[in-house]
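To start, the structure under review is shown below, and the notes come after it.
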Amino acid sequence: MTAFTVALVLVVAAAGLLRWRRPAWYWLTFGVILAALRVAFRYASVMDACGLTVPPSRWRLALARVANRPVPESRAPRILRLRPTRTGLVLRLKLRPGQDAFDVSAATDRLRHSFGMYGVTSRELRSGVVELRMTGYDVLQRVQMPAKVDHAPMRIPVALREDGAIHYRDYRTVPHGLTLGATESGKSVYQRNLVAGLAAQDVALVGIDCKQGVELFPLARRFSALADNPDTALELLDALVTHMEDVYQLIRAQQRISVNVPDAEIAADIWDLPADMRPVPVVVLVDEVAELALFASKDEEKRRDRIITALVRLAQLGRASGIYLEICGQRFGSELGKGITMLRAQLTGRTAHRVNDEASANMAFGDIAPDAVLAAIQIPTDTPGIAVTGDSSGGWARIRAPHTSLRHAVNICSRHADRTPDLPALAAFRPAVAPLPSARVPLSKTAPATA
């Protein structure tokens, strides 16, 4: 009995230590079993307390009266599947007649307390089927991306969602995006994850960094074009517009609209063209959009209007030609001048890190997900990297990108430097970088000979 007591104390102490220092390990060893048991034993009572049950049907009441049995109890949604994951549990429910997915969504906070989980989110899979994703610990405190991720062209994993799922940046689904964040909010790390993920794909990277290139120029080996001031940025954007028009001419010449070609093969964008004829897609990263919109003289105002007009044209017309925009900035509001709200309307994907004012959060989510505005302004200052992401569908979620140092991002770009395509239209803006050393230089204790 003494040995059993000692072993039990050691197990409890180990579980407590893991829960404090390594919550992910605690969940995989102890937490998932305890959570599954809590859900199994408390499910009926919790659903009844949360108002997620329906009274028995008339035929069940009639059958009980005929059989002289007690009145049937109210019924909770039926559990279709309970699946453990590396971060929590996934509970798939079949709703009873008369129930709605909104009722489950409204009760997620009560379900979180009742089941003893860290977070609970719900989404409707199809009519009458709802999926509850429950997390056992704060997955955003120490982000660990899963080893196995889905890879697809123009689709890269960039962050982890609060429900434990991977957040992908899919340029073919969401062509253009807006990323906001104050100083030290984690916006630069998120941008490095984007570049590091795109570096391994067949894509041309174009950067505009008006902070004298301190953010993007270290990654220059993987960029096909870079601009570090507004004047060069205007010339680069004009070249991109010309490139876009040339791609449209190619698509039109290869559209294959004759009666001998099936309708499914008619080309309307670069992805409908044959692989050997398809132009390389281009991702344009603008590091600080406010620097392109500010002006102090009449000449700078004219330059600013031309820059914003070019960005709007690329946002409106660039998707079919394979040009995708990633606009980043600390501040994005109507005070930046005319054309800014028109540009925002074309940026489907929205990501907001910690911002300094509510107006910036409203500019990001006010027109698509008003609930996300409150979540964006409540991000604490001591958790850089936490962000709120959403799109025009109205859905939003909290995410956090894994920390990627600038050195690590530079190494990835150097490793994939051979993938950098040469675009004739952008040749004048190709950054000049020193060639990579072919081999390591051996160290020697002797000083080099002098003439």
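In what follows, every heavy atom counts, from backbone to side chain, and hydrogens, waters and symmetry copies are set aside.
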Which atom of [X] lies closest to which atom of [Y], heavy atoms considered:
X	Y	result
V158	L194	CG1-CD2, 3.6 Å
L52	A107	CD1-CB, 4.1 Å
L82	L91	CD1-CD1, 3.6 Å
R86	P146	NH1-CG, 3.7 Å
T183	R354	O-NH2, 2.9 Å
R96	A76	NE-O, 2.8 Å

Residue pair [X] / [Y], side-chain heavy-atom distance below 4.5 Å:
X	Y	result
R221	V410	no
M134	V39	yes
T87	Y137	yes
I307	R303	yes
R133	R161	no
D103	C50	no
V130	P77	no
E326	L198	no

Hey, could you give me the [atom1]/[atom2] distance between [X] and [Y], rounded to the nearest 0.5 Å?
X	Y	atom1	atom2	value
N362	L374	CG	CG	10.5 Å
S414	L219	OG	CG	8.5 Å
L314	S321	CG	OG	7.5 Å
L160	R400	CG	CZ	10.5 Å
S105	E124	OG	CD	10.5 Å
L216	L205	CG	CG	9.5 Å

Look at the side chain of [X] and the backbone N and O of [Y], then say whether any donor-acceptor pair between them is shorter than 3.5 Å.
X	Y	answer
T179	R350	no
T348	V174	no
R172	M154	no
R222	A199	yes
S114	R110	yes
S224	P421	yes
D48	T53	no
D269	D272	yes
R192	A409	no
R169	I156	no

State whether the number of non-hydrogen atoms from other residues, nucleotides or ligands found under 6.0 Å of [X] atom [atom1] is greater than 12.
X	atom1	result
H113	NE2	yes
R306	CZ	no
E358	CD	no
K211	NZ	yes
M145	CE	yes
Q141	CD	no
R304	CZ	yes

R331 vs S360, test: side chain to side chain donor-acceptor pair (under 3.5 Å). Steps then yes/no.
CA-CA 6 Å; R331 184 75 170 85; S360 295; 3.2 Å; yes
Please determine whether side chain to side chain contact (heavy atoms under 4.5 Å, CB included) holds for the pair L423 and V282, giving the CA-CA distance in whole Å, both sets of side-chain angles, and the decisive distance to 0.1 Å.
CA-CA 10 Å; L423 300 180; V282 179; 3.9 Å; yes
Chi angles and distances behind the side chain to side chain contact (heavy atoms under 4.5 Å, CB included) call for L178, M363
CA-CA 10 Å; L178 172 64; M363 199 67 175; 5.7 Å; no
Passes side chain to side chain donor-acceptor pair (under 3.5 Å), R415 versus N411? Steps please.
CA-CA 6 Å; R415 188 184 315 137; N411 292 340; over 6 Å; no
Walk me through whether E245 and V241 qualify under side chain to side chain contact (heavy atoms under 4.5 Å, CB included).
CA-CA 6 Å; E245 295 171 351; V241 172; 3.9 Å; yes
Applying ring pair (Phe, Tyr, Trp, His ring centres under 6.0 Å) as the test, list every pair that has at least one member in residues 155-199; sequence neighbours left out.
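As it turns out, the ring pair (Phe, Tyr, Trp, His ring centres under 6.0 Å) pairs with a partner in residues 155-199, which skip direct neighbours, are Y171-Y324, Y190-H353.
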Using side chain to side chain contact (heavy atoms under 4.5 Å, CB included) as the criterion, list what pairs up with A372, not counting sequence neighbours.
F365, A369, V388, W396
Among R83, R81, R92, the one residue meeting side chain to side chain donor-acceptor pair (under 3.5 Å) with E131
R92
Test side chain to side chain contact (heavy atoms under 4.5 Å, CB included) on Q346 and R319 and set out the steps.
CA-CA 11 Å; Q346 306 298 326; R319 194 272 316 166; over 6 Å; no
Less than 4.0 angstrom from a charged side-chain N to a carboxylate O is my criterion; do K187 and E215 meet it?
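A salt bridge is absent here (no side-chain N lies under 4.0 Å from a carboxylate O).
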